[in-house]
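Reviewing the structure listed below.
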Amino acid sequence: MRLTGEKKFCDEITALSGQPVISCYQCGECTAGCPVAFTADIMPNQVTRMVQVGLEEPVLRSRMIWLCVGCETCTTRCPRGIELAKVMDALRETAVARKIKPSEPSISTFHKTFLDSVERMGRVHEITMLAEYKLRSGNLFSDLLLGARMFLKGKLALIPEFLKGRSDIKKIFNKTFGK
Amino acid sequence: MRYAYYPGCSLHSTARDYNLSTLAVCKQLGIELVEIPDWNCCGATSAHALNRDLSIALPLRNLAIAETMGLDVIAPCAACFNRMKSSNVAVNENPELLARMSDLIGMPYSGKVKVLPLLAVINEIGTETIREHVKRLLENLKVAPYYGCLLVRPPETTEFDDPEDPQSLDNLITALGAEVVKWPYKTECCGAGLSISKTEVVLKLTHDILSMAKRAGANCLATACPLCQSNLDLRQSDVEKAYGEKYGLPAFYFTQLMGIAFGLPGTSLGLDKLMVSPEQVLTTGVRG
Ligand code: SF4
Ligand code: SF4
């Protein structure tokens with residue numbers, strides 16, 4: 001493994017996240033409380049270590065950065081005051097910017113589909129969003145029963161709500177997502 | 001008391017029962033909620049998963065509109081509350097970011113609007129006043145108070161309650177005459193938005209939470225977040241199937257419990273929308 005450019009990568013993530021990744025001393029507190037660590041490939045404390053030493057590719061290709069649900073448990077408990085959830089955000093954003101194929105495609109597809117719904121209507125419309133997600137993920141038959149249960153309980157809005165300020169929202173998307 | 005009300009997307013669809021019960025109990029308590037006109041989605045987990053600027057700008061547009069109303073904001077959804085508050089904190093820490101973001105949303109914003117979770121406002125009113133409104137004591141209800149993550153974490157952002165052992169919901173439940181179950185999973189994460197994209201993770205996490213609540217002696221849960229509620233309630237039968245364990249634990253919104261104690265009719269609280277029927281715990285657990 002090459003360890004070149006470590007400083008550059010660490011600086012980049014530090015700047016984007018606003019978090020002093022370099023001050024992590026590997027106590028493991030973040031990993032101990034992380035709800036998704038049990039299913040992840042690398043642990044939260046390994047994420048900070050890999051950023052510190054510039055293991056850029058493996059960390060950006062990890063499943064961990066996509067599995068992170070942003071629950072802020074690590075952020076709350078880190079004795080070094082590192083908001084690790086923000087570091088995870090920065091890594092995901094970097095992975096997307098570099099067009100690195102997400103190792104958890106169903107999760108990244110979900111996020112994209114969700115945001116596309118917001119971009120179009122200003123709010124999320126579950127039925128169209130879920131249908132679109134199913135088409136994009138190829139996961140056509142999962143959760144049909146769940147959908148039916150929700151429908152019967154009147155928990156799904158049939159008609160989408162469109163915002164008057166839709167053009168404001170489009171503008172925000174254009175300027176941030178660079179579409 | 002008058003507040004700008006931010007229901008968020010869930011309370012207009014999957015969490016309609018949270019919306020109904022919130023409006024009903026606020027009315028009882030004399031809290032006037034004025035919905036933010038033309039509010040947009042806060043971006044939820046997905047915006048901050050992919051783009052920091054987007055995750056700040058989307059909530060900020062709502063805050064800028066609230067500012068024109070001259071009111072502070074109540075967001076009952078813990079996830080929306082967290083996103084709006086994070087966005088507010090970020091622009092308050094950084095004037096340059098505030099300027100850039102106001103430009104982005106095309107609206108002026110001072111950064112001064114306060115964002116509060118509904119539970120904070122109820123807490124402020126105090127248990128004395130709550131008790132005065134109670135017409136039916138929720139006796140025999142053994143409630144596991146489930147705060148989830150985003151309502152109390154991280155404390156520097158939420159500025160609400162204790163991140164490891166919060167008390168506001170506990171105190172409220174006690175004031176309603178129900179029993180609070182002591183359990184260690186008050187703030188454990190339910191898997192949040194992974195329900196659709198990574199169902200097995202949510203099943204495992206909610207299994208842990210539900211079986212812990214059961215072991216601690218709870219006969220229901222109280223929640224303050226549509227994501228938590230749907231993972232625990234909507235997914236409960238899936239979890240039971242996957243883990244071969246029967247829970248039968250209704251997962252109420254805390255506002256529904258308040259409404260029941262206040263003597264409001266079940267339909268005005270959306271009780272019919274709960275997947276795990278609350279009928280049994282309510283017939284044995286409510287007096288008066
Ligand atoms: S809790 Fe903080 S200091 Fe400890 S390993 Fe995690 S990031 Fe590093
Ligand atoms: S924010 Fe992400 S990394 Fe941190 S504890 Fe939660 S899931 Fe794990």
Side-chain angles (χ1 to χ4, degrees), chain A residues 16-17 35-36 38-39 66-73 75-77 83 85-86 89-90 92-93 96 104 106-115 117-118 121-126 130 133 137 142-143 145-146 149-150 153-157 161 163-165 168-169 171-173 175-177, chain B residues 9-10 12-17 37-41 43-55 57-58 61 65 82 104-107 148-150 152-155 157 163-164 187-194 196-201 204-205 230 234-235 237-238 272-275:
Chain A
L16 189 58
S17 64
V36 298
F38 80 94
T39 187
W66 290 100
L67 285 165
C68 167
V69 289
C71 71
E72 308 275 8
T73 307
T75 299
T76 303
R77 295 180 183 168
E83 299 190 32
K86 284 194 178 151
D89 288 349
R92 245 178 270 116
E93 197 167 336
V96 173
E104 284 290 346
S106 63
I107 299 175
S108 76
T109 303
F110 181 82
H111 290 320
K112 284 208 204 84
T113 313
F114 185 98
L115 291 179
S117 180
V118 179
M121 294 175 264
R123 290 180 194 169
V124 169
H125 181 241
E126 268 99 359
L130 292 175
Y133 170 74
S137 64
S142 65
D143 287 335
L145 262 175
L146 182 85
R149 289 204 297 266
M150 288 166 75
K153 286 281 182 183
K155 281 191 162 242
L156 290 173
E161 297 172 340
L163 254 65
K164 283 205 258 20
D168 294 359
I169 306 296
K171 262 184 230 147
I172 294 174
F173 270 87
K175 288 191 207 159
T176 51
F177 253 179
Chain B
C9 304
S10 307
H12 270 215
S13 55
T14 48
R16 220 170 257 164
D17 33 356
D38 214 41
W39 57 267
N40 58 271
C41 170
T45 328
S46 296
H48 85 92
L50 296 183
N51 190 298
R52 179 166 176 269
D53 282 355
L54 183 67
S55 76
L58 287 174
R61 178 178 175 275
I65 301 175
N82 196 292
L104 230 165
I105 61 174
M107 271 183 244
C149 329
L150 296 176
V152 290
R153 284 182 182 152
T157 302
E164 302 290 355
T187 62
E188 281 297 311
C189 173
C190 67
L194 291 182
I196 302 292
S197 56
K198 207 75 192 165
T199 312
E200 68 278 14
V201 174
K204 150 89 169 72
L205 296 174
S230 84
L234 212 57
R235 285 283 181 199
S237 59
D238 296 334
D272 54 320
K273 302 209 182 299
L274 293 172
M275 292 288 163

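Small disclaimer: the values here were computed from a predicted structure and weren't measured.
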Legend entry - Best-contacting candidate, A/Leu163, A/Val124, A/Thr39, against chain B by heavy atom pairs under 4.5 angstrom: A/Leu163
Legend entry - Among A/Thr73, A/Leu67, A/Thr75, residue most engaged with chain B (heavy-atom pairs, under 4.5 Å): A/Thr73
[X] versus chain B, the contacting section by heavy-atom distance below 4.5 Å:
X        : result
A/Ile169 : side chain
A/Asp168 : side chain
A/Glu126 : side chain

Relative to chain A, which segment of [X] carries a heavy atom at a distance below 4.5 Å: side chain, backbone, both, or neither?
X        : value
B/Leu104 : both
B/Asp17  : side chain
B/Thr199 : side chain
B/Ser237 : side chain
B/Arg61  : side chain

Inset, instruction - Please identify each residue that fulfils side-chain hydrogen bond (donor to acceptor under 3.5 Å, both in side chains) with A/Thr113, with sequence neighbours left out. - result: A/Arg136
Inset, instruction - Could I get the full list of side-chain hydrogen bond (donor to acceptor under 3.5 Å, both in side chains) partners for A/Arg123, not counting sequence neighbours? - result: A/Glu161
Legend entry - Short side-chain to backbone donor-acceptor contact, B/Asp53 and A/Thr176, under 3.5 Å: no
Legend entry - Main-chain N/O of B/Arg153 paired with B/Asn82 side-chain donor or acceptor, under 3.5 Å: yes
Legend entry - Options B/Met107, B/Glu200, B/Glu188, B/Lys204, ranked by heavy-atom pairs under 4.5 Å with chain A, top entry: B/Lys204
Inset, instruction - Report the option among B/Leu194, B/Leu58, B/Leu234 that has the most heavy-atom pairs separated by less than 4.5 Å from atoms of chain A. - result: B/Leu234
